[in-house]
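Contents: one structure, followed by commentary.
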Number of protein chains: 2
Amino acid sequence: MTPVTAAERSDAARNRERLLLAARELIEQSGAAALTMDRLAEHAGVGKGTVFRRFGSRAGLMLTLLNDSEAAFQARFLFGPPPLGPGAAPLDRLIAFGSERIAYVLEYGDLVLAAGNAPRGRFEVPAAALWNQHVEMLLREAGFDSPEPWLMAGSLNSTLDPERLLHLVREHGVTSERLAISWRDLVTRVAGRA
Amino acid sequence: MTPVTAAERSDAARNRERLLLAARELIEQSGAAALTMDRLAEHAGVGKGTVFRRFGSRAGLMLTLLNDSEAAFQARFLFGPPPLGPGAAPLDRLIAFGSERIAYVLEYGDLVLAAGNAPRGRFEVPAAALWNQHVEMLLREAGFDSPEPWLMAGSLNSTLDPERLLHLVREHGVTSERLAISWRDLVTRVAGRA
DNA sequence: AATACAACCGGACTGCGGTCCGTTTAGTCT
DNA sequence: AGACTAAACGGACCGCAGTCCGGTTGTATT
């Protein structure tokens with residue numbers, strides 16, 4: 001295989017694996033919030049510069065750590081079984097999308113939070129663009145007619161902001177069930193009949 | 001006058017004034033994003049410790065700087081003339097609330113952004129609780145019946161998140177008019193008839 | 001195997017927000 | 001006025017994310 005973009009050097013690949021392994025170990029021990037780039041470099045037996053060359057920033061590292069689960073989530077709402085995936089009624093898919101997203105955020109908690117402190121805000125992230133597009137598509141399919149469908153999709157998505165969800169759960173004891181109910185209520189009113 | 005809580009010492013009061021003046025000067029020169037606590041201390045001719053004792057954190061400083069305009073905004077939606085203040089139909093007040101909030105966020109831009117990086121997130125801020133309460137009240141008055149009115153109010157408010165609004169305006173050229181239209185569309189669907 | 005070079009490495013360095021604590025000072029009491 | 005004390009002061013200090021650059025190493029070429 002001769003890739004168009006030059007292949008990654010072997011020592012670089014080795015260090016990337018070391019770093020990801022070390023990161024997961026440290027996070028398992030003390031949580032993602034306590035993970036500092038210095039400690040990660042030390043624990044992986046690597047210089048600090050290497051950490052930043054690989055991941056760009058702390059948020060980039062967290063994004064990389066979340067990559068697999070995020071890809072799995074995307075695969076489920078794009079191609080998976082109903083009601084999340086194609087086949088169900090658009091409104092049902094929308095409701096399922098919110099519920100699953102809420103569950104995802106609660107499961108990965110601190111990791112998602114730390115990934116949110118990206119340089120140019122948390123809106124440039126490719127994943128966010130995909131969610132927006134997906135919600136917009138479902139709105140259209142549900143017969144939604146509005147002057148600003150793209151902004152409406154963004155509004156609905158901002159409702160699922162990890163910082164907000166985790167704040168409600170951790171500081172106010174709100175359950176994921178209540179969050180899901182509130183989401184269902186919201187999208188039902190916006191997109192369809194009561 | 002003999003206040004219950006001990007009066008502020010004269011040197012403390014003098015330094016607070018100095019700091020606020022210096023902060024406004026520096027912000028006028030280079031914008032709020034470029035304001036560092038070290039520079040502020042130096043420009044005010046004061047130790048760094050003093051800055052933090054007064055305002056607690058950078059976010060606290062920004063909040064203090066916004067205090068007057070925030071109080072004015074609150075007075076307008078609580079006691080001011082319709083359609084923002086009491087007297088108009090609840091749905092119209094809700095629509096006006098969003099428009100005015102959008103205008104406020106765009107006017108104070110970086111200041112609001114910097115105030116948002118508070119210690120325990122941007123949800124503990126007293127002002128946020130008041131907005132929530134206000135939106136929830138207007139929803140009830142509009143005949144809104146839902147399993148989770150408080151969460152719904154929070155969802156609607158999260159739509160007005162400064163980071164999101166400023167991102168849309170600055171990176172995507174969205175106008176405040178379009179944002180206001182989208183808000184109107186959202187709350188109309190949630191709270192009332194089209 | 002020797003050469004050459006691009007990619008990579010590491011850790012010292014910077015600037016930031018925030019803390020700590022020994023010193024100074026404003027207000028009060030005698 | 002002089003003494004006392006709680007409050008305020010200031011700047012050295014810390015841990016952090018992120019940058020920089022002189023030295024090193026993998027890899028392709030001959």
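Chain identifiers are assigned alphabetically (A, B, ...) following the order of the sequence lines, protein sequences preceding nucleic acid strands; residue numbering begins at 1 within each chain.
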When the ring planes of B/F77 and B/F97 are compared, do they come out parallel, tilted or perpendicular, using 30° and 60° as the limits? perpendicular
Select base, sugar-phosphate, or nothing to describe what [X] touches, counting heavy atoms under 4.0 Å on all strands.
X     : value
B/R58 : sugar-phosphate
A/R54 : sugar-phosphate
A/R14 : nothing

Let's see if you can work this out: which of [options] has an atom nearest to the side-chain heavy atoms of [X]?
X     : options                : result
A/D11 : D/dA8, C/dC8, D/dA17   : C/dC8
B/R39 : C/dC16, D/dT27, D/dA17 : C/dC16
A/S10 : D/dA6, D/dG10, D/dT27  : D/dT27
A/N15 : C/dG18, C/dT25, C/dC9  : C/dC9

Ignoring hydrogens and angles, state whether a donor on the side chain of B/E70 or B/Q74 is under 3.5 Å from an acceptor on the partner side chain.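 A donor-acceptor contact under 3.5 Å links the two side chains.
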Any side-chain donor-acceptor pair under 3.5 Å between A/N15 and A/T50? no
Is there a side-chain contact between A/S176 and A/L106 in this structure, where contact means two heavy atoms from C-beta onward sitting under 4.5 Å apart? yes
Pick the nucleotide of DNA chain D nearest each of A/R53 and A/D38; which residue has the one closer to the 5' end? A/D38
